[in-house]
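Lettering follows sequence order; numbering is per chain, from 1.
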Amino acid sequence: MTDEMTGTSAEETPDAATPDEEATEIPLAERIEAILLIIDEPLGLVALAAAVGSPVPAVRQTLEMLVDDYDGRGKGPRRGFELREVGGGWRLYVREELDDVVAAFIGGQAPARLSQAALETLAVIAYKQPVTRSQVASIRAVNVDSVVRTLLARGLITELFADSETGAINYGTTDALLQHLGINSLDELPPISPLLDDGADGFDEGTIR
Amino acid sequence: MTDEMTGTSAEETPDAATPDEEATEIPLAERIEAILLIIDEPLGLVALAAAVGSPVPAVRQTLEMLVDDYDGRGKGPRRGFELREVGGGWRLYVREELDDVVAAFIGGQAPARLSQAALETLAVIAYKQPVTRSQVASIRAVNVDSVVRTLLARGLITELFADSETGAINYGTTDALLQHLGINSLDELPPISPLLDDGADGFDEGTIR
Amino acid sequence: MAPSPSEGPVDATLEESAGEAASAESAGFRVSLSNFDGPFDLLLNLISKHEMDITEVSLSAVTNEFIAYLGQLEDDEELDQASEFLVVAATLLDMKVAGLLPQGELVDAEAVALLEARDLLFARLLQYRAFKEVSAWFSRCLQREDRRHVRAVRLDEKHRRQTPELVWSLTADDFAALALLAFAPKEIPHVGLDHLHAPLVSIREQAAIVVTLLRGTESLSFRELVAGVAEPGIVVARFISVLELYRHAALSFEQLEPLGELTLRWAADSWSDETLATLGADYDR
């Protein structure tokens, strides 16, 4: 399927300068935009060049072109987002003039209360941390991806570390949760079952009935 | 509901040229782009219109314009991202041809595939929802409990309601499934043989046993 | 936009991407019977198009071949294919039972009901095939979308601060109670298998009893034939053996009105116990 894709693109642009670089025939600007769309944190020039497989100077030049493009100095209209270099890295930001639109949307959007599903997921993470998303999902018997995202955004849980083997991220609760609960440490969480204390592992086997 | 919305909004903004609307002077396309940049779930047309404070028809039109624009049919170049309506809402996606570039960058592991049994069960639920586990089992003629559990854990199906008489739980598909399929509504499921439509109710009852 | 599962495209892409299991089956599992040799899928097609008589197909032979075939497969494939085979085999068995039922020239309510039942069985087989086919579309779409990347970036710190303050009303004890609730195993009811452990009944043994009883007397009603039998399985087995014996022209029967008394008469000119030995072989496990 991938081969097919590349083949199609190759046909579309037969007169590329270097015939041997089939894989990178998609314009550099597009490749950079693809990476920019998915990154969470600003990405440095060198890392970006590595990601798109092009030399640093070309990437720098294209980034500058994109900045102009998004600001409306290219062929198309100005964009609602802009490309900025902040703290040594590049990233897409909402254009500042539009912050009010975003603020109004977020203010009206986020529920002020956690849903029952979010609270239960939070409880599972609190008592079983460190715990991965799939472990939580198997306990809750539902998909918890969006709930975990909410809890992260609310600062109630945090990413602790990645499992050395699987790379799965382990989550734990934050001090913010302790403050909400009015306790000083996790030790003060009320014990919920003797089974939980001794063998967290046995738990997955459905020992509690 | 959309029509009603449209009517009301249209009345509210009878004239685009009104000079007193300073706040919305930023082009609609930019406002939409700002919202698209910050959402992490598909946003429906009506919600999007509410977020940017513009009538639904104008937003719809602008979205279509943006789709064309990003695809390179506007004034500017084709973008490395595209705008898609999937799972009941709009969202920015990396252009398909560039998925390999992104995949290489984030180094994602191949997601676990669904078994043939799970796929078939999913298909039955998608077409016959709301449907109970035993109804699904009677079509597939095998026990589907563990498969249903897998589908629930993946967030592809959800419990809809319990039958008032038997207490059996009825299942249906989720918006997440639509997203995973890359379609916008159940209407986009491919049609299956007409035989299933008329006779469907007949053989669920297990007449043959 | 959405590809339709019409024959061509689905099959084509099935081979490439989607159901390895499905294509492996059509390519892999072949049936060799006295009256048929070819892929399992083709056999199903012929039967569902009425181009082959289901009653002529030995299910036990098909099953034997399938089990032998399973032995060569990897574990994962095996599970998928085994469950699929069970679905189809169960349907074939139903069809076969319906096919074996005698169809007289009389068009009475029962005959019509029988025809309807047969149609329903065909419909069920077709239905299963339709879902199986469309599952390839699901597989294809899911795999395509799995490779896609969507923008799902955490909010900027700047915007995060604008989210409304969280309303928190739980004490630590409330929270613990919630945790207990969350950890409570979800009741997932399951279908019991107890009913599968009914004692096995041999059609051949029951046929032997039927033959013995019938040959010793001029005529016998079915009611008399099963008098004193409490187990439903044995009643069913005796009925099936009556049908099988009828197929072998070993007996005749008479029923004056629908649901009325079924009178059986021994009608075989030549009968050997060898016939009895092969009787009901299709039902063997």
Could you tell me which residues satisfy side chain to side chain contact (heavy atoms under 4.5 Å, CB included) with Ser146(B), sequence neighbours excluded, listed by chain and number? Arg149(B)

Please state whether the side chain, the backbone, both or neither of Ala29(A) comes within less than 4.5 Å of a heavy atom of chain B. neither

Distance in Å, Ile157(B) CD1 paired with Leu160(B) CG, rounded so as to fall on 0.5 Å steps: 9.0 Å

Side-chain heavy atoms of Leu156(A) within contact of Leu114(A), under 4.5 Å: yes

Checked Ala50(B), Gly76(B), Gly155(B), Ala34(B) vs chain A; the most non-hydrogen pairs under 4.5 Å come from Ala34(B)

When the 4.5 angstrom heavy-atom criterion is applied to Leu48(A) and chain B, the contacting part is neither

Scored by heavy-atom pairs under 4.5 Å with chain B, the best of Val144(A), Val101(A), Asp145(A) is Val101(A)

Test your reading of the model: is there a side-chain donor-acceptor pair from Glu120(A) to the backbone of Ala117(A), 3.5 Å cut-off? no

If you tally heavy-atom pairs under 4.5 Å against chain A, which of Asp40(B), Thr158(B), Asp99(B), Thr150(B) wins? Asp40(B)

Ala168(B) to Thr132(B) - nearest heavy-atom pair and separation: CB-CG2, 3.9 Å

Closest approach of Gly172(A) to Gln129(A) (non-hydrogen atoms, all atoms of both residues): CA-OE1, 3.1 Å

d(Glu82(A) CD, Glu30(B) CD) to nearest 0.5 Å is 10.5 Å

Tell me, side chain or backbone of Glu159(B) under 4.5 Å from chain A's heavy atoms, or both, or neither? neither

Check whether Arg31(B) reaches the backbone of Ile26(B) with its side chain - one donor and one acceptor, N or O, closer than 3.5 Å. yes

Any Leu151(B) side-chain heavy atom under 4.5 Å of Tyr171(B) side chain: no

Quick check: closest heavy atoms across Ala49(B) and Pro55(B), and the distance to 0.1 Å? CB-C, 4.4 Å

Donor-acceptor pair, Glu33(B) side chain versus Gly80(A) backbone, under 3.5 Å? yes

Of all of Leu37(A), Asp100(A), Ile32(A), Leu36(A), which one pairs up most often with chain B through heavy atoms under 4.5 Å apart? Leu37(A)

Atom CG in Leu43(B), atom CD1 in Ile35(B): separation rounded to 0.5 Å? 7.5 Å

May I ask you to list the residues in residues 83-94 of chain A that approach chain B closer than 4.5 angstrom, counting heavy atoms only, ordered by number? Leu92(A), Tyr93(A), Val94(A)

Tabulate, in ascending numerical order, the residues of residues 61-70 of chain B having at least one heavy atom closer than 4.5 Å to a heavy atom of chain A, or enter 'none'. Leu66(B), Asp69(B), Tyr70(B)

For Ala118(A) and Val147(A), work out which heavy atoms get closest and say how close. CA-CG1, 3.5 Å

When rounded to the nearest 0.5 angstrom, what is the spacing between CD in Gln135(A) and CG in Asn170(A)? 6.5 Å

Do Arg133(A) and Ile169(A) have side chains that approach each other closer than 4.5 Å (heavy atoms only, starting at C-beta)? no

Which residues in residues 174-181 of chain B have a heavy atom less than 4.5 Å from any heavy atom of chain A? none

Can you tell me which portion of Ile39(A) sits under 4.5 Å from chain B's heavy atoms? Options are side chain, backbone, both or neither. side chain

For Arg95(A), is it the side chain, the backbone, both, or neither that has a heavy atom closer than 4.5 Å to a heavy atom of chain B? side chain

